[in-house]
Amino acid sequence: MPQPNTTVLVLLFGDYCALATKCLDSVLAATAGRAEIRVGMNAVGDATREFVDSLVRMGMLARENVYDSPENLHKYPMMRKLLYYRPITTEFVMWFDDDSWIADPRPDWLNDAEAAMRGVDMIGSPYTVALAGGQADWIKSQAWYTGQPFRRNAKQQDVIAFCTGGWWTIRTAVLRRYDWPIIALNHRGGDVMLGALCQQQQLKIKTFRTGLAINADAAGRESKSLRRGYDEQPIGVDYRRQTVIKP
């Protein structure tokens, strides 16, 4: 079997075995051994852990690709674990929250997703959001900020276009180059700030939603999933630019 082009990272949280099953079953069906799959478990319930263990026993998941944390590490610390605890050797990284799944897991779905990456740096489902609080100054404080002007909406607010964080695919080299997600990221706002990074570095983003239910409710409606567990302000909202006092 040829070397895979994509590493799929799946984040499972809490006692939501039905979500974990729907997500992982769809990933396994659509990739059929043609992708490396890594699973991060944040404070999962016994039923979810048993389900993942059964996939390991059946040889559908590698034990070393399962990172099980009894406590909730939150989204981005777990993402860093999955990305960097062992080197990723594939060209692309694909991310799934557990409330995202492949609604049409046909055998050639992975081929379509990888083909969509030709000539671009990231694919996903794009949204636009107005920056809040100190987020614009936070962006300007980052090493990847290049001075590219922010877009403005009708209310003259700074806005960022980004791929929603429930599902995306990106070039592995981009994550390595910018050490993404940065250690400062904890649970919210990483998708928006990755969009800001792409805008500042003039990386190319393309829309791809084919066959996907992303952050979806039971009917598969995108971005209708209810928020579960830990919550916080998005990164940068509380940022205050430091004032240098000259002598």
Side-chain angles (χ1 to χ4, degrees), residues 1-12 23-24 26-28 30-41 61-67 73-98 100 102 108-126 142-146 161-186 189-212 214 235:
M1 183 174 292
Q3 284 291 107
N5 296 320
T6 300
T7 298
V8 180
L9 310 182
V10 179
L11 175 64
L12 308 181
C23 177
L24 273 173
S26 75
V27 168
L28 292 166
T31 58
R34 293 175 294 121
E36 180 178 352
I37 300 171
R38 300 184 180 186
V39 176
M41 300 195 293
L61 280 178
R63 173 61 68 187
E64 63 268 24
N65 282 356
V66 178
Y67 198 101
L73 299 180
H74 304 149
K75 180 170 182 172
Y76 292 102
M78 180 58 84
M79 187 184 292
R80 281 192 66 88
K81 297 283 188 187
L82 294 177
L83 283 167
Y84 299 119
Y85 80 107
R86 283 196 302 109
I88 287 179
T89 59
T90 57
E91 185 176 5
F92 309 124
V93 170
M94 182 180 293
W95 177 267
F96 282 84
D97 284 354
D98 60 4
S100 301
I102 305 167
D108 57 349
W109 180 86
L110 182 62
N111 294 338
D112 289 348
E114 291 176 347
M117 286 295 297
R118 293 194 193 111
V120 301
D121 298 288
M122 186 178 189
I123 58 175
S125 183
Q142 301 304 298
W144 39 260
Y145 177 70
T146 61
F162 66 101
C163 293
T164 188
W167 182 89
W168 44 257
T169 300
I170 198 167
R171 292 187 178 276
T172 306
V174 171
L175 298 177
R176 286 202 193 105
R177 187 181 312 142
Y178 302 103
D179 192 30
W180 196 266
I182 59 173
I183 292 173
L185 270 168
N186 183 49
D191 50 1
V192 172
M193 292 311 178
L194 184 53
L197 185 157
C198 289
Q199 185 251 354
Q200 289 297 312
Q201 294 295 315
Q202 297 183 293
L203 303 179
K204 295 180 180 178
I205 296 176
K206 179 179 177 180
T207 300
F208 183 87
R209 298 187 181 94
T210 304
L212 286 158
I214 303 173
I235 192 168

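None of these values were measured; they are calculated from a predicted model.
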Taking all non-hydrogen atoms of both residues into account, name the closest pair between [X] and [Y] and its distance.
X	Y	result
Cys163	Trp168	CB-CB, 4.5 Å
Gly166	Ser100	O-OG, 3.1 Å
Ile102	Ala30	CD1-CB, 3.5 Å
Leu203	Arg177	CD2-NH1, 4.3 Å
Tyr84	Trp180	OH-O, 2.7 Å
Thr207	Pro126	OG1-CG, 3.2 Å

If we ignore hydrogens and angles and just use 3.5 Å, is the side chain of [X] paired with the main-chain N or O of [Y] as donor and acceptor?
X	Y	value
Gln199	Ala161	no
Thr169	Ile123	no
Lys81	Leu73	no
Ser125	Arg209	no
Gln200	Thr146	yes

Is [Y] close to [X] at the side-chain level, that is, under 4.5 Å between some pair of heavy atoms?
X	Y	value
Gln142	Ile182	yes
Thr31	Trp109	no
Val174	Cys198	no
Met94	Trp167	yes
Asn65	Ile37	no

Spacing of [atom1] belonging to [X] relative to [atom2] belonging to [Y], to within rounding of 0.5 Å:
X	Y	atom1	atom2	result
Asp112	Leu110	CG	CG	9.0 Å
Arg171	Lys204	CZ	NZ	10.5 Å
Met79	Leu185	CE	CG	8.5 Å
Trp95	Leu9	CH2	CG	6.0 Å
Ile88	Thr7	CD1	OG1	4.5 Å
Leu24	Phe96	CG	CZ	9.5 Å

For atom OH of Tyr67, decide whether the heavy atoms of other residues, nucleotides or ligands shown that lie under 6.0 angstrom number more than 12.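 Check fails, neighbour count at 12 or below.
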Tell me whether Arg34 is salt-bridged to Glu114, with the criterion being a basic N under 4.0 Å from an acidic carboxylate O. no
Report the C-alpha distance between Thr90 and Thr172 in whole Å, list the side-chain angles of each, state the deciding distance to 0.1 Å, and finish with yes or no for side-chain contact (heavy atoms from CB on, under 4.5 Å). CA-CA 7 Å; Thr90 57; Thr172 306; 4.3 Å; yes
